[in-house]
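Report on one structure; see the data block that follows.
As the structure is a prediction and not an experimental result, all values here were calculated from the model. Just so it is clear, the values below take in all heavy atoms, side chains as well, and ignore hydrogens, waters and symmetry mates.
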Amino acid sequence: MAKKSTFLKVTARILLIFFAVFVIAAATFLIPAFHYAKTGAETDLAEQRARVEALRDNAGAPVDEQSFADFDLTAAAD
């Protein structure tokens, strides 16, 4: 009977540990998810789309890569 009682105590402790790990893991996912949802994910996505579109419209001036490359770029293409 003592072995059964010890087995139940150990099993209960293991289940408690698994439950605690599950709760911690769920909290590390859910808390940021709720925070991100409250900050307005759609607004963030709209702003990001606008920035990407602005980059597409004005890509900037071409860069002379040879000026900072440490090797001949034309030789690397061969």
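- In this structure, the separation between CD on Glu53 and CD on Gln48 is 12.0 Å, given to the nearest 0.5 Å.
- For the pair Ala25 and Thr28, the tightest heavy-atom approach, listed with the atom from each and the gap, is O-OG1, 2.7 Å.
- Atom CZ of Phe18 sits about 15.0 Å away from atom CZ of Arg13, to the nearest 0.5 Å.
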query: Step by step, would you call Thr74 with Gln66 a side chain to side chain contact (heavy atoms under 4.5 Å, CB included)?
result: CA-CA 9 Å; Thr74 57; Gln66 189 62 61; 5.6 Å; no
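- Taking a 6.0 Å sphere around CZ of Arg51, one finds it holds more than 12 heavy atoms contributed by other residues, nucleotides or ligands.
- Residue-environment remark: CZ (Phe68) exceeds the threshold of 12 foreign heavy atoms within 6.0 Å.
- Each of Ile17, Val23, Leu15 was scored for a side-chain contact (heavy atoms from CB on, under 4.5 Å) with Phe19, with one residue passing: Val23.
- Contact detail for Pro32 and Ala27: the closest heavy-atom pair is CD-O, 3.8 Å.
- To the nearest 0.5 Å, atom OG1 of residue Thr11 and atom CG of residue Leu16 are 12.5 Å apart.
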